[in-house]
Chemist: 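If you scroll down you'll find the structure; I have some questions about it.
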Number of protein chains: 2
Amino acid sequence: MVLSSPPAAALAGDEARALLKALADPLRLQVIEALGQGERCVCELTGELGLAQSKLSFHLKVLREAGLIDGRQQGRWMYYQLRPEAIRALQQWLGELASSCQTPAQPCC
Amino acid sequence: MVLSSPPAAALAGDEARALLKALADPLRLQVIEALGQGERCVCELTGELGLAQSKLSFHLKVLREAGLIDGRQQGRWMYYQLRPEAIRALQQWLGELASSCQTPAQPCC
DNA sequence: AAATTAGATCAACAGGAGTTGATGTATCAA
DNA sequence: TTGATACATCAACTCCTGTTGATCTAATTT
């Protein structure tokens, strides 16, 4: 279990956006939730989620390129897992956002 | 300042997805970051971000419907602010995701 | 070496999300 | 009451993102 998260470098707006965009798809979110349980082989994911192979592969690529998941090849299988650093970084970015948003507006115009 | 977040009800996958989708747009993220500084009037946002009025209005609507921001009308001006509950809920959802993802896969197939 | 299997990649297509300019509505000023 | 201002909404268009089925590559088995 991860008790304390690694210091998670502060995220630039662009980086946060890339992560959010990769997460903001129903199918990719299913994949992410499945990987939230632990590492999975592609063939397991295909079965669990009932997806066409090329479809899953497409979304795994998006997640990989966003840095949300990592893959390791073993023989002819491919295992993917979440990258908790990415999740933690996004989490932290959200936290900063929420911390200072209560300032009332000065009357404008 | 918000020291402890309100208990933030656990988020269903669908709800998390809606929040993520609303956040995953470059323009909306700019709006969100501006509102991260505190409440803003629409005319201020238009100026700060250099946006066409109808464009901004469109994105504010998306954010409002996702529950990420709240608006209050004052005279003929509209003030928007972030809803920290929404941010916190998403933050928590991400945390749960990251906490159990290190389980190695049992060899599959 | 030939056949099989896992997964990645590609091209063509389809649908949805964002943009733009115009119009609508409510509030305030003159 | 008339005009101006702030913002929302709408219709038409554009473009990007995801889907589908086929093909490609690499590892494995026989």
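Chain naming here is simple, since letters A, B, ... match the order of the sequence lines and numbering starts at 1 in each.
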Chemist: Measure from the side-chain heavy atoms of B:C43 and tell me the nearest of D:dA8, C:dT9, D:dC7.
Modeler: D:dC7
Chemist: Would you tell me if any nitrogen or oxygen in the side chain of A:K21 comes within less than 4.0 Å of OP1 or OP2 on D:dT17?
Modeler: yes
Chemist: Check whether any side-chain heavy atom of A:R28 sits under 4.5 Å from a side-chain heavy atom of A:V62, and report yes or no.
Modeler: yes
Chemist: Please state how far atom CG in A:L51 lies from atom P in D:dG18, giving the value in whole angstrom units.
Modeler: 14 Å
Chemist: Just to confirm, is there a sub-4.0 Å distance from OP1 or OP2 of D:dT17 to any side-chain nitrogen or oxygen of A:H59?
Modeler: no
Chemist: So what does A:Y80 hit on the nucleic acid, given a heavy-atom distance under 4.0 Å: a base, only sugar-phosphate, or nothing?
Modeler: sugar-phosphate
Chemist: Quick one: on DNA chain D, does B:Y79 or A:R28 contact a more 5' nucleotide (nearest heavy atom)?
Modeler: B:Y79
Chemist: Please report the distance, rounded to the nearest Å, between CG in A:L60 and P in C:dA6.
Modeler: 15 Å
Chemist: Measure across A:E33 and B:L97 and return the closest heavy-atom pair with its distance rounded to 0.1 Å.
Modeler: CA-CD1, 4.2 Å
Chemist: How many Å lie between NZ on A:K61 and P on D:dT19, as a whole number?
Modeler: 15 Å
Chemist: Rounded to the Å, how far apart are B:L23 CG and C:dG18 P?
Modeler: 12 Å
Chemist: Can any side-chain N or O of A:R83 pair as donor or acceptor with the backbone N or O of A:L68 at less than 3.5 Å?
Modeler: no
Chemist: Rounded to whole Å, please give me the gap between CD1 in A:I69 and C1' in C:dG7.
Modeler: 13 Å
Chemist: Taking the side chain as everything from C-beta on, heavy atoms only, tell me whether A:D70 gets closer than 4.5 Å to A:Y80.
Modeler: no
Chemist: Is there a side-chain contact between B:L90 and B:L23 in this structure, where contact means two heavy atoms from C-beta onward sitting under 4.5 Å apart?
Modeler: yes
Chemist: To the nearest Å, how far apart are A:L45 CG and C:dA6 C1'?
Modeler: 13 Å
Chemist: Is a donor from one side chain sitting under 3.5 angstrom from an acceptor on the other, for B:Q74 and B:R72?
Modeler: yes
Chemist: With heavy atoms under 4.0 Å as the rule, sort A:L56 into base, sugar-phosphate or nothing.
Modeler: nothing
Chemist: In terms of side-chain heavy atoms of A:D25, which of C:dT19, C:dG7, D:dG18 is nearest?
Modeler: D:dG18
Chemist: Any donor-acceptor pair under 3.5 Å linking the side chain of A:Q91 with the backbone of B:Q91?
Modeler: yes
Chemist: Which protein N or O atoms sit under 3.5 Å from an N or O of nucleotides 20-30 of chain D?
Modeler:
from, atom 1, to, atom 2, distance (Å)
D:dT20, OP2, A:K55, NZ, 3.2
D:dG21, O6, A:S54, OG, 3.2

